[in-house]
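Heads up: the structure comes next, in structure tokens.
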Amino acid sequence: MSLSLADILAARRAIDGIAARTPLVPSPFLSRLAGLDFLLKLETTQPVGAFKLRGAVNAVSALAADVAGVTCCSTGNHGRGVAYAARARKLRSVICMSSLVPQAKVDGIKALGADVRIVGRSQDDALPESRRLARDEGLAEISPFDDPYVVAGQGTIGLELLEDRPDLAAILVPLSGGGLAAGIALAAKAIKPSIKVIGITMDRGAAMFESVRAGKPVEVDEVASLADSLGGGIGLDNRLSFQMCRDLLDDYVLVTEEEIYAAMQTLYFEDRMVAEGASVVGIAALKAGKLPSFSGPVATIVTGRNVDMATFTDIITGRDVKLGDSFVKGRAYGA
Ligand SMILES: *Cc1c(COP(=O)(O)O)cnc(C)c1O
């Protein structure tokens with residue numbers, strides 16, 4: 001299976017009018033810190049609060065008219081995108097998630113009229129249920145990252161980035177199953193081969209990073225993280241996003257929970273923005289001095305805003321946050 005720029009251009013036409021063309025805005029604070037233009041691509045402004053709408057709408061638009069409905073497993077945002085896209089086509093949707101998914105995300109999906117199934121302790125536990133629904137009830141299963149229509153849909157972000165700023169030197173992409181990074185890298189490098197695309201993820205349970213290092217898809221333990229949207233494996237039977245990330249990404253950076261916590265505060269206090277942990281890993285990497293040096297402007301994708309507001313309030317007020325069996329130690333911003 002392989003994708004080309006033409007697939008991403010087709011995705012752009014398919015999602016037009018349903019998914020938004022999002023703003024790219026400079027962060028004055030982060031630009032000063034980086035010593036170059038540091039830009040934020042605000043996928044938080046999508047109708048479902050996350051970029052996943054792009055891939056979901058593209059995948060649902062490709063289904064036959066007589067399909068019985070759709071199903072997927074999800075860490076939350078993909079399910080919300082699929083539920084939204086299905087509702088727009090008056091299709092039934094069944095979203096399978098684990099108990100690690102924050103309640104705010106579950107509630108957002110239910111509000112779109114989807115059936116929700118909570119199965120197991122990780123996204124990998126929820127996957128067999130969506131496979132079963134596909135088999136037994138004839139629903140079309142849409143992978144959150146390993147589907148050509150999903151990757152092409154996420155890739156439309158790459159087109160928009162280079163239209164707005166042809167001078168970009170690098171793109172920092174939050175990385176989990178790799179659909180987002182694969183799509184953006186394919187689009188951006190087709191238009192501008194010299195651009196660097198860097199995958200950024202948390203340092204525990206980083207499935208794509210571990211897999212690329214091992215040279216093949218490997219399993220990791222999914223652990224609770226402030227970047228809950230970055231959890232889950234890439235699938236041992238991965239057929240698309242692994243190869244694309246391996247071949248197209250220039251570098252990987254891992255950030256700690258403490259660095260994610262501090263970056264959520266930074267984005268809130270300096271840029272007045274609410275975003276989930278997965279969205280700020282690029283900012284976390286910059287603040288932690290973990291990025292290579294760049295020859296020109298850099299953009300990061302602020303991928304979603306569907307954060308649990310009680311947790312978010314704890315973070316901006318500097319309180320401890322409980323994560324599974326451990327916790328992230330609280331620290332007031334600037335202290
Ligand atoms: C899904 C998701 C990601 C990662 O996307 P992948 O395609 O799985 O790599 C990043 N941020 C948010 C908010 C997400 O929902």
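Nothing here was measured: the structure is a model prediction, and the numbers come from that model. Read the numbers this way: they start at 1 and go in the same order the structure lists the ligands and their atoms.
- Checked against a 3.5 angstrom limit, the closest N/O atoms of N77 and ligand 1 fall inside it.
- Interface atoms of ligand 1 facing E276, defined by a heavy-atom separation under 4.0 Å, are 13 (C).
- Taking the charged nitrogens against the carboxylate oxygens, D125 and R121 have no contact shorter than 4.0 Å, which rules out a salt bridge.
- With a 4.0 Å heavy-atom cut-off, ligand 1 is reached by no atom of A50.
- In Q154, neither the side chain nor the backbone holds a heavy atom less than 4.0 Å from any atom of ligand 1.
- Between F145 and ligand 1, not a single N/O pair is under 3.5 Å apart.
- For atom 12 (C) of ligand 1, the closest non-hydrogen atom of the protein is T303 OG1, 3.4 Å.
- Ligand 1 has a nitrogen or oxygen under 3.5 angstrom from a nitrogen or oxygen of S176.
- Under 4.0 Å from ligand 1, not a single heavy atom of M208 appears.
- With respect to the salt-bridge test (charged N to carboxylate O, under 4.0 angstrom), the residues D251 and K290 do not qualify.
- Near F51, meaning under 4.0 Å from one of its heavy atoms, ligand 1 places the atoms 1 (C), 2 (C), 3 (C), 5 (O), 10 (C), 11 (N), 12 (C), 14 (C).
- Listed by chain and number, the residues in a salt bridge (Lys or Arg N to Asp or Glu O under 4.0 Å) with R21 are E163, D164 (sequence neighbours excluded).
- Contacts between L230 and ligand 1 below 4.0 angstrom, taking non-hydrogen atoms only, involve the side chain exclusively.
- At least one N or O atom of G179 sits closer than 3.5 Å to an N or O atom of ligand 1.
- No path of Ile, Leu, Val, Met, Phe, Trp and Tyr side chains, each step under 4.5 Å between heavy atoms, connects V82 with V94, placing them in separate hydrophobic clusters.
- Using a 4.0 Å cut-off between charged nitrogen and carboxylate oxygen, E276 and K105 count as a salt-bridge pair.
- Comparing G183, G177, A227 against atom 8 (O) of ligand 1, the shortest heavy-atom distance belongs to G177.
- No continuous path of ILVMFWY side-chain contacts below 4.5 Å connects L186 to Y149, so the two sit in separate hydrophobic clusters.
- Ligand 1 lies nowhere less than 4.0 angstrom from a heavy atom belonging to P144.
- Side-chain atoms of S279 come within 3.5 Å of backbone atoms of G304 as a donor-acceptor pair (strictly under, hydrogens ignored).
- The existence of a salt bridge linking E259 and K287 is excluded, since no basic side-chain nitrogen approaches an acidic carboxylate oxygen closer than 4.0 Å.
- If you number the atoms of ligand 1 from 1 as listed, the ones under 4.0 Å from a heavy atom of G178 come out as 6 (P), 7 (O), 8 (O), 9 (O).
- The two atoms that bring F51 and Q154 nearest to each other are CE1-NE2, 3.4 Å, heavy atoms only.
- Of the protein's heavy atoms, K52 NZ, 2.7 Å lies nearest to atom 15 (O) of ligand 1.
- The distance from the CG atom of L53 to the CD atom of Q46 is 5.5 Å, given to the nearest 0.5 Å.
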